[in-house]
Amino acid sequence: MSLNDSLQEQKEALVSAFAEEAHERLGEMLSELRSADIAEILEEILEEDDDLPVAMGLLERLPLERRANVLGYLPGEEQVEITAAMSDETLLSLLEEMGSDERADLFNLLGEDRREALLRRMAHQEREDLKRLASYEEGTAGAIMTSDYVAIPTGMTVSQAMMRVRQTAPDAETVYQLYIIDAEGRLAGTLSLRQLMVARPGAKVDDIMIKDVISMAVDEEQEEVARVVARYDLLALPVLDADERLVGIVTHDDAMDVAESEATEDFHKGMSIGALEDGVSRVPLWSLYRKRVTWLVLLVFANLFSGAGIAYFEETIAAQVALVFFLPLLIGSGGNAGAQAATLMVRGMATGDVGVKDWGTLLGRELLVAGSLGLTMALAVAPIGVMRGGEAVAIVVAMSMVIIVLFGSLLGMCLPFLLDRLGWDPATASAPLVTTLIDASGVLIYFSIATAILAGV
């Protein structure tokens, strides 16, 4: 049984138990489910069944700490819908139990009046921490970091540091990585919990800490944060403000969420689709239409250039009708080769594998590879050219194949770099855009060669 089928059965069982007011059975079923699974079930109840009272009733059956955990797993739209039905006191108690990063994310989704009402009820330290985390620009390290970490002052002994870990561990996002800070709050070093446990109790943390710490500025893009966490296989990445003070950490699981989100966004852009607010199965039809229609309409008009090119070479086509047979094959091959090259470059730039400085080297490599691909494809299609139109047509088709594939590959490789230089997202060098440009260019290349070679035939 798949995970989705299992969750569907559990959802039906929970809804049935709730309707029958079988409180004991309902409590047992909820206790056996993981928080992420409960959140997915609640999401389906809200979206598919549009039954807020049932979702609220199930959520209220959970202990406060677990309820806050489940709420953190819900998408933003569902969080807003559920919290709108809560009193300020109830919501405040949930916010106090949530992780600092999830608390800030939910806080930013609330209306201005609700935020002000909640802030007035908070303790000073909590209020200032929440306002600070909620103030960072979306898409930056500050927006995804948490302030729940274990900080140990410099000068402490190992035994004192262990006591500090025990005191702060219940509220920390992770205790496996510890951070040493000086009197001004600047990051001095880091050490793992394992290092602390095996060290001599009287030793100073300053002597055993790692001073060469990989860190990130608070205003750095979240995509770069995820890349650094993956590159160095970090459990958590410390985030520093302009004065080098430690203000938070980005944990590995949050970095994974960012990487998934960014990869999805690049895939959508790669096919000329705008960013979706939700999963493709849940996004409204109008929104799905709106995200796809703009580029498609623009590309329709771009394809008119292909038609204009064909019209310009009407005499050549009329004299050698066999040429038309090979037109889709040639421009399709060029488009495919260009889309491959563009995909490789966009992904390489996204992962940091290649940069603008590598353009010259990559151009030379692409010339060799694309030329070899074009020659191979030309040899494959030449016999068909002989059968369909004779040796002269075969020569035209073979030459066109080499040049179109070469041109398409170079265009697909260079376009992401050009867009990046212009300050646009390289992912915009999408397959539809590349293939449309190559369609028009391929028509001109093909029929120009045909006109030159077949003029005297």
Gap separating the [atom1] atom of [X] from the [atom2] atom of [Y], nearest 0.5 angstrom:
{"X": "D171", "Y": "D148", "atom1": "CG", "atom2": "CG", "answer": "6.5 Å"}
{"X": "S372", "Y": "L406", "atom1": "OG", "atom2": "CG", "answer": "10.0 Å"}
{"X": "T154", "Y": "D182", "atom1": "OG1", "atom2": "CG", "answer": "6.0 Å"}
{"X": "Q79", "Y": "E43", "atom1": "CD", "atom2": "CD", "answer": "10.5 Å"}
{"X": "M216", "Y": "E224", "atom1": "CE", "atom2": "CD", "answer": "5.0 Å"}
{"X": "I438", "Y": "S409", "atom1": "CD1", "atom2": "OG", "answer": "7.5 Å"}

- Test side-chain contact (heavy atoms from CB on, under 4.5 Å) on M401 and L329 and set out the steps. CA-CA 9 Å; M401 179 66 82; L329 181 150; 3.2 Å; yes

Side-chain donor or acceptor of [X] paired with backbone N/O of [Y] under 3.5 Å:
{"X": "E65", "Y": "E97", "result": "no"}
{"X": "R114", "Y": "T83", "result": "yes"}
{"X": "Q195", "Y": "S192", "result": "yes"}
{"X": "S135", "Y": "R132", "result": "yes"}
{"X": "T140", "Y": "E221", "result": "no"}

- Item | Residues in side chain to side chain contact (heavy atoms under 4.5 Å, CB included) contact with L375, at least two apart in sequence or another chain |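 Scan of L375 (side chain to side chain contact (heavy atoms under 4.5 Å, CB included), adjacent residues dropped) gives V402.
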
- Results of side chain to side chain contact (heavy atoms under 4.5 Å, CB included) for I181 - residues two or more places apart only: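 For I181 the side chain to side chain contact (heavy atoms under 4.5 Å, CB included) partners, ignoring immediate neighbours, are A151, L246.
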
- Between T361 and D358, does any side-chain donor sit less than 3.5 Å from a side-chain acceptor?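 Distance-only check fails for T361 and D358.
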
- Message: Please enumerate all residues that pass salt bridge (Lys or Arg N to Asp or Glu O under 4.0 Å) together with E32, with sequence neighbours excluded.
- Response: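 Testing E32 for salt bridge (Lys or Arg N to Asp or Glu O under 4.0 Å), a comparison that skips the adjacent residues, returns none.
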
- Query: Heavy atoms, side chains only, cut-off 4.5 Å: are L133 and T146 in contact?
  - Reply: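 The answer is no; the side chains never approach within 4.5 Å.
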
- Just wondering, do R66 and I38 contact through their side chains at under 4.5 Å, heavy atoms?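 In short, these two side chains touch, coming nearer than 4.5 Å.
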
- Task: List the atom of V346, the atom of P416, and the distance in Å for their closest heavy-atom pair.
- Result: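 Here V346 and P416 meet closest at CG2-CG, 3.9 Å.
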
- Heavy-atom count around E96 CD within 6.0 Å, excluding the residue itself: above 12?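 Counting other residues, nucleotides and ligands, CD of E96 exceeds 12 neighbours.
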
- Query: Taking everything shown except F313 itself, do over 12 heavy atoms lie less than 6.0 Å from its CZ?
  - Reply: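 Atom CZ in F313 is packed in, count exceeds 12.
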
- Query: Which is it for V396 and Y446 under the side-chain contact (heavy atoms from CB on, under 4.5 Å) test, yes or no, and what are the steps along the way?
  - Reply: CA-CA 8 Å; V396 169; Y446 178 38; 3.8 Å; yes

- Salt-bridge criterion met for D206 and K204 (N-O under 4.0 Å):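 Looking at D206 and K204, the cut-off is not met.
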
- Query: Where do M399 and I395 land on the side-chain contact (heavy atoms from CB on, under 4.5 Å) test, with the steps shown first?
  - Reply: CA-CA 6 Å; M399 288 182 61; I395 292 172; 3.9 Å; yes

